[in-house]
Structure formats: structure tokens, C-alpha cells
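Report on one structure; see the data block that follows.
Quick note: numbers below take in every heavy atom, side chains included, and nothing from hydrogens, waters or symmetry partners.
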Amino acid sequence: MEFESDSHLDSFVIERVNRRRGGKNDNVNDNLNENLNVNDNVNLNDNLNDNVNLDEKDDGITFSIDERFENDNVNDNLDDNEDENEVDEFEPDDYRAHYGIDEPYDPKLDLRDFVMPNTDILEDWDQKNVKVTKEELIANKDRIVETLRDYGIEITEISAQPGPTVTLYKIKPARGVRISKIQGLENDIALSLAALGIRIIAPIPGESNIGIEVPNAKPQIVAMKTMLESDAFRNAKMELPIAFGKTISNDVLVADLAKMPHLLMAGATGTGKSVGLNAVLASLLYKKHPSELKLVLVDPKKVEFSLYSALERHYLAKMPDEDEAVITDTKKVVRTLNSLCIEMDSRYDLLKLAGVRKITEYNDKFIHRHLNPEHGHRYLPYIVVIIDEFGDLIMTAGKEVELPIARIAQLARAVGIHLIIATQRPTTNIITGTIKANFPARAAFRVTSGIDSKTILDTGGAQQLIGRGDMLISLAGKDMIRLQCALIDTPEIERLVHVIGDQRGYSDSNIFMLPEYLDENDEPTKDFDPKQKDEFFNDAARLVVASQFGSTSLLQRKLQLGYNRAGRIIDQLEAAGIVGPYKGSKARDVLIKDEVELEELLRNL
């Protein structure tokens, strides 16, 4: 069948098209027509640009719109077709069972059938968004230029960079114009645009321009699904990648929590702080296997993290003898933080024995069988501690909470323990100098005053945000970035938690437990009651004396016991005089040195 078209195409091109399609000419005309339509769109865009130049009233001022804004409008339909062909990369790894010491250790083997969640369960909010129009961009540009001219300020260039929530107008002032003069017109520009949240960046870091951020008439929603499906997140070579949201230039911001290494978040009520914490949790749950990550969730309000309690057998770390994995009681928060300090010291002891400096080097040695588990070595998962309403904890517990947090923040980076603290009261008595010094990464949602903004970010600007996820983030060693935080709604969190929680989790003997912490009020009784003696008491006593190593984890491994039961047996051995008192991260001393003496003691009990 002969190829026919109204376009003037060379016969050689037609022949190559037919040959590539295997001799089938069906739909070729349709494809060519689509190409012609795209060309028509390009011509239309050229015409629009010509119209923009015609509409400009300001002689000598060049106005341009970011090219990505043009490409987004042209390629909307193409993006829809590409989505159908996307391959989901969150498929489970092909686990390989191994039982010999010659094979590398696989920490995922205990949950080898665990399937990472799919992004199909999340909402695609992008389809409901209304994009900013060229008419709005041109109107705002004209008002900015007129306002500056009213005060005798001339500019030579102005360009628009539309973002999901705000548009950045970059202006180049004429020679001899003082930057401070433009900075002083912030309120006047806001008045002329009748907009909330005008922010002037003078100058833009690394550029010879001044930036004016103007909120869009209809802000867009940044979907968490879009963040997780982006190449920046999928291909991130990071230990703990977090997809925060989209910047003004519509780029996906992905940061590594392991490099931060701790994050301080603040914002007034209703500005999106809790949604930001959920975005952090969703990013980690979509990227890390339960064997690689453990979460410690502190929720004084008792309702923010309650949905995540279903992840107890997969991702949550808990204290011994605690029924709830999500911590809501202030007294339990203090015990948990001190327990994390014990875990931190224990990990540093393991790193010292292994001759390494950080957790990645240690785990690499352990995976390649260079460390002996019989000497106490184990695979170390990352521990992320997320504390909501930190201000309430400081008011109720004070120094009891601040001291262990400061110690963890100062030392725990190398052993894989990271803190995320959120508060709605960023005052100096809540965020003290000790806390700020050890939290180089800061994220601020809208706050009520410039003083609060300076407390959290060390500079103003957060009081000029518009709320609803609009945020400023300052990562260690980088310039401050304004972005729209990704949205993950409560129904999406419920579906995500159910997908993970309905799968097989760790058993009682393998669930991750934090070390036991006893303060002065929690000393166990020293009186031994033979009637309360556990049936494994004699076996545990013989095991401890034979190994001369008294610890709860030893009884768990050798006798296949849960942590709570093994802890009670250790207390009974202490009351019977077989092991010594609790020594923190170190094993208890064994007071009985030989089996003959032990057997005589057991007969007399």
C-alpha cells in the first residue's frame, strides 16, 4: 500500500518509516498527523511569544518564561502515554537462600517473602491540578514593573519561573540601583499584587539577579505518588532517601537523612508539619526493607502516629515489657531515649571491635562474614527516631528529655541513629542552643513571627510563607530552598500500612527490642521465690555458667525465648546469686565460676 501524505516528505524518509514498521503502513498517517499537530503547537507557542512581545508596554525590558513551563504544556498528552509503559521498580528482590559461611549474609532472609509496597495505592493528585496561565504570569510581571517604576527603579530584564505554589520572577536592575531599595518595597509589591506571601531574595545565590516570589492564584498539590515515581527518588544512591516535595523550578527534592544527619522541623498549627512527617515516613517505608530500618515514634498527642502501630512486627522498635510500640507517655519517652543512648554505646563498642568508623563499613564486614556473631557482632539496622510536639515534652520533662537527645544528636550519626524533631513552638526555651548546634538541617513551615523564623532557620522568611505545605528547608552546607511539601493523605497512609502490616512479620524472638533501661525507681526485687521459678531456669543457669556470659540476648538465641521471658529469667538468676546486677550495655558478671558449684546451688533452691 502506497504512503500518501499532504506534507512534503522525501521518499527516502517515507521508505525508512515503512521499513521500521515492518511493512505495515497502518496508523502511519495518524502518527504523522500527530507530529504535524505538535508542530502546529510549536507554531502556536511562537505566535504566543510574539503576542507577549506585542503586549509588553515597557520599552527596553525583556520578558521570558521558563522553557520547562512551555514544554509541560506541549507534552502533557505525551506524559500520559509514557505512564502506561512505566515499569514499577518496587518489585521484591530475588532472594537467595544460603546456609554456609562461604555465602554472604543476607539480612532480608528472615522476611524473604516481604513485598515492598506499590505506588498504585497512592492518589494521583496531579490530575486535579490547575496550571498557572500565561495571562497570570504577564499580569503579575506588569504589576511588578509598574510598582518598581513608581519608586524610580528601572530594570533591564525580568523572567518568570512557575512553580507548584509560587512563581519566581527574576529581575535584573539597571546600573546604579541599590539592592536595599528593592528590598524595602516588599510590602508595596505585595499590595499591588494583592497577594500573601511575597518574598524578596536579594540577590539570588550564585546569580546576578534579584528574586521576587509571588504565590500563584491556584496552588497545585504535589502528590507523594509523583515523588516516589520520580527518577530522582528511584535512582537515589542514598542510605535514607527522603522525598520532601517540589522546588520553585518544579524539581523533585530528595535528601539523604544519613547525611543531614538530624532534622529539626517547626511550623504553626495547620501549616503542614504533620503531613511533612508522614512524607518522611512514606519515603523510608518505600525504600528500606524491615531488616534495614527501625523506627522509634514518639507521639505525645496520641493520634498522629497511631496508624503506624500496625507496623510493630516489621519496622517499629520498642522497649521490653511495653505493650504499645508508639510511645505516648512522657515517662516512657525518657526511658526510651536513655535506652537509645545505651544502644548507641553498644554499637560504638561493636564498631571499635570491628576496627571500623561508621555503620556502613561495619555492616559490609558483617555481610561478608568477617565478623563472628559468637563475639556479639550482629547486623545493625538504621534507627530513625521521630518526635512530634517536642515542645510539650520539654514543658513536662525538661532536662530529662533534652540531655539524652543532645547526646544522641552529638554522637549517634556514625552508628546509624538519626533524629527528626518537630514542634509548633519554635521558641528559644524549646529549641535551645544545644539542640540547634547539633541539628544542621532545618525545615520551617509557616510561623507567626519573624522571631520564630530566626529561631528555627537563623534568618527570616518563614513568616511570609502561605501555609498548606509551603516550606523552607536548609540542609547542611547548602542554600535555603523554598518548596511545596508532598501530600500523603490519611486514607493513603491507611492503605500503605495495611499493605505492609498484612504481610508476615518478625516473630516474638526476632522482633527488634531496644536495650533495657532501669532508673532508680525501677530496680527489680532481689528476693528469689522458688515458686515463681521459670521452667527454663536451670537450663539458663547452666548456659550462663558454661559461657561465663550473662545477657538476655544469649538466652533468647540459645533457648529460643522471647525477650520478656528471657529478661525475667535473668532477673531470677540475679536474685539467686548466679549473675551480677545490670550494667547497661555490657553483659552481667557471672558470679558462679564452675558447674559443680552451680549444681550444688540448684539443689538447695
Find the distance between CD1 (Ile420) and CG (Leu281) and round it off to the nearest 0.5 Å. 7.5 Å

Should Phe512 and Tyr506 be marked as a ring-ring contact (aromatic ring centres under 6.0 Å, His included) after you check the CA-CA gap, both sets of side-chain angles, and the distance that decides it? CA-CA 8 Å; Phe512 189 88; Tyr506 290 104; 9.4 Å; no

Any side-chain heavy atom of Leu293 sitting closer than 4.5 Å to one from Leu284? yes

Interatomic distance, His314 atom NE2 to Ile500 atom CD1 [nearest 0.5 angstrom]: 7.5 Å

Can you name the closest pair of heavy atoms from Ser274 and Asp388 and give their distance? OG-OD2, 4.4 Å

Does any part of the side chain of Gln424, heavy atoms only, come nearer than 4.5 Å to the side chain of Glu389, both counted from C-beta? yes

Any ion pair linking Glu343 and Arg347 (charged N to carboxylate O, less than 4.0 Å)? yes

With a 4.5 Å limit on heavy-atom distance, are the side chains of Tyr379 and Glu292 in contact? yes

Taking atom NZ of Lys436 as the centre, report whether more than 12 heavy atoms of other residues, nucleotides or ligands fall under 6.0 Å from it. yes

If you compare all heavy atoms of Thr271 against all heavy atoms of Ala268, which two are closest, and at what distance to 0.1 Å? OG1-O, 2.7 Å

When you look at CD of Glu186, are more than 12 heavy atoms from neighbouring residues, nucleotides or ligands closer to it than 6.0 Å? yes

List the atom of Tyr286, the atom of Asn118, and the distance in Å for their closest heavy-atom pair. OH-O, 3.0 Å

Please list, chain by chain and in numerical order, all residues satisfying salt bridge (Lys or Arg N to Asp or Glu O under 4.0 Å) with Glu400, sequence neighbours excluded. none

When every non-hydrogen atom of Ala397 is compared with those of Thr330, the smallest separation belongs to CB-CG2, 3.8 Å

Would the distance check show the side chain of Asn438 and the main-chain N or O of Thr434 forming a donor-acceptor pair, the cut-off being under 3.5 Å? yes

Within the side chain of Asp345, is there an N or O that forms a donor-acceptor pair under 3.5 Å with the backbone of Asp349? no

Within the distance-only criterion (no hydrogens, no angle test), does the side chain of Asp124 pair as donor or acceptor with the backbone N or O of Ala223 below 3.5 angstrom? no

CG of Leu257 to NZ of Lys259: how many Å apart, nearest 0.5 Å? 11.5 Å

Please evaluate residues Lys318 and Met513 with respect to the criterion side-chain contact (heavy atoms from CB on, under 4.5 Å), reporting the C-alpha separation (whole Å), side-chain torsions for both, the decisive distance (0.1 Å), and the verdict. CA-CA 5 Å; Lys318 58 186 293 189; Met513 289 285 182; 3.7 Å; yes

Determine whether more than 12 heavy atoms belonging to other residues, nucleotides or ligands lie under 6.0 Å from atom CE of Met395. no

I'd like to check the ring-ring contact (aromatic ring centres under 6.0 Å, His included) partners of His377; sequence neighbours left out, ordered by chain and number. Tyr362

Rounded distance [0.5 Å steps], CD1 in Ile421 versus CG in Leu263: 9.5 Å

Check whether any side-chain N or O of Tyr315 sits under 3.5 Å from a backbone N or O of Lys288 as a donor-acceptor pair, and report yes or no. yes

Where the side chain of Arg413 meets the backbone of Pro261, is there a donor-acceptor pair that is under 3.5 Å apart? no

Between Ile456 and Ile431, does the side-chain contact (heavy atoms from CB on, under 4.5 Å) criterion hold? Intermediate values first, please. CA-CA 8 Å; Ile456 181 69; Ile431 303 176; 4.1 Å; yes

Check against side-chain contact (heavy atoms from CB on, under 4.5 Å), Arg482 and Leu168: CA-CA 10 Å; Arg482 185 171 184 176; Leu168 175 63; over 6 Å; no

Tell me, do Leu351 and Arg357 make a side-chain contact under 4.5 Å, heavy atoms counted? no

Does one side chain, of Thr247 or Ser249, offer a donor that lies under 3.5 Å from an acceptor on the other? yes

Any donor-acceptor N/O pair, His368 side chain to His370 backbone, under 3.5 Å: no

If you round to the nearest 0.5 Å, how far is OG1 of Thr226 from CG of Asn250? 11.0 Å

Using only heavy-atom distances, determine whether the side chains of Asn278 and Tyr308 contain a donor-acceptor pair under 3.5 Å. yes

How about Leu137 and Pro162: do any of their side-chain heavy atoms sit closer than 4.5 Å? yes

Distance alone, cut at 3.5 Å: any donor-acceptor contact between the side chains of Glu239 and Thr360? no

Side chain to side chain, Ile189 and Ile212, heavy atoms closer than 4.5 Å: yes

Hey, is the main chain of Arg234 close enough, under 3.5 Å, to the side chain of Lys287 for a donor-acceptor pair? yes

Distance-only, no hydrogens or angles: does the Thr396 side chain make a donor-acceptor pair with backbone N or O of Leu393 under 3.5 Å? yes

Considering the options Ile158, Ile210, Asn209, which one meets the side-chain contact (heavy atoms from CB on, under 4.5 Å) requirement together with Lys172? Asn209

Going by the ring pair (Phe, Tyr, Trp, His ring centres under 6.0 Å) test, which pairs reach into residues 427-459, not counting sequence neighbours? His262-Phe439

To the nearest 0.5 Å, what is the distance between OG on Ser309 and CG on Asp323? 12.5 Å

Considering all heavy atoms, the nearest Ala354-Leu371 contact: CB-CD2, 3.7 Å

Asp470 with Arg446: basic N within carboxylate O range, under 4.0 Å: no

Ring-face cation of Lys108 near Phe114 (centre distance under 6.0 Å, axis angle within 45°): no

Closest heavy-atom pair and its distance - Pro219, Ala217: CD-O, 3.7 Å

Donor-acceptor contact below 3.5 Å, side chain Arg495 vs main chain Ile121: yes

Report the C-alpha separation of Val214 and Ile198 in whole Å, then their side-chain angles, then the decisive distance to 0.1 Å, and conclude whether the side-chain contact (heavy atoms from CB on, under 4.5 Å) test is met. CA-CA 5 Å; Val214 180; Ile198 300 291; 3.9 Å; yes

Is Arg335 salt-bridged to Asp329, cutoff N-O under 4.0 Å? no

Short question: side chain of Ser346, backbone of Ile342 - any donor-acceptor pair under 3.5 Å? no

If the threshold is 4.0 Å, N to carboxylate O, is there a salt bridge linking Lys301 and Asp392? no

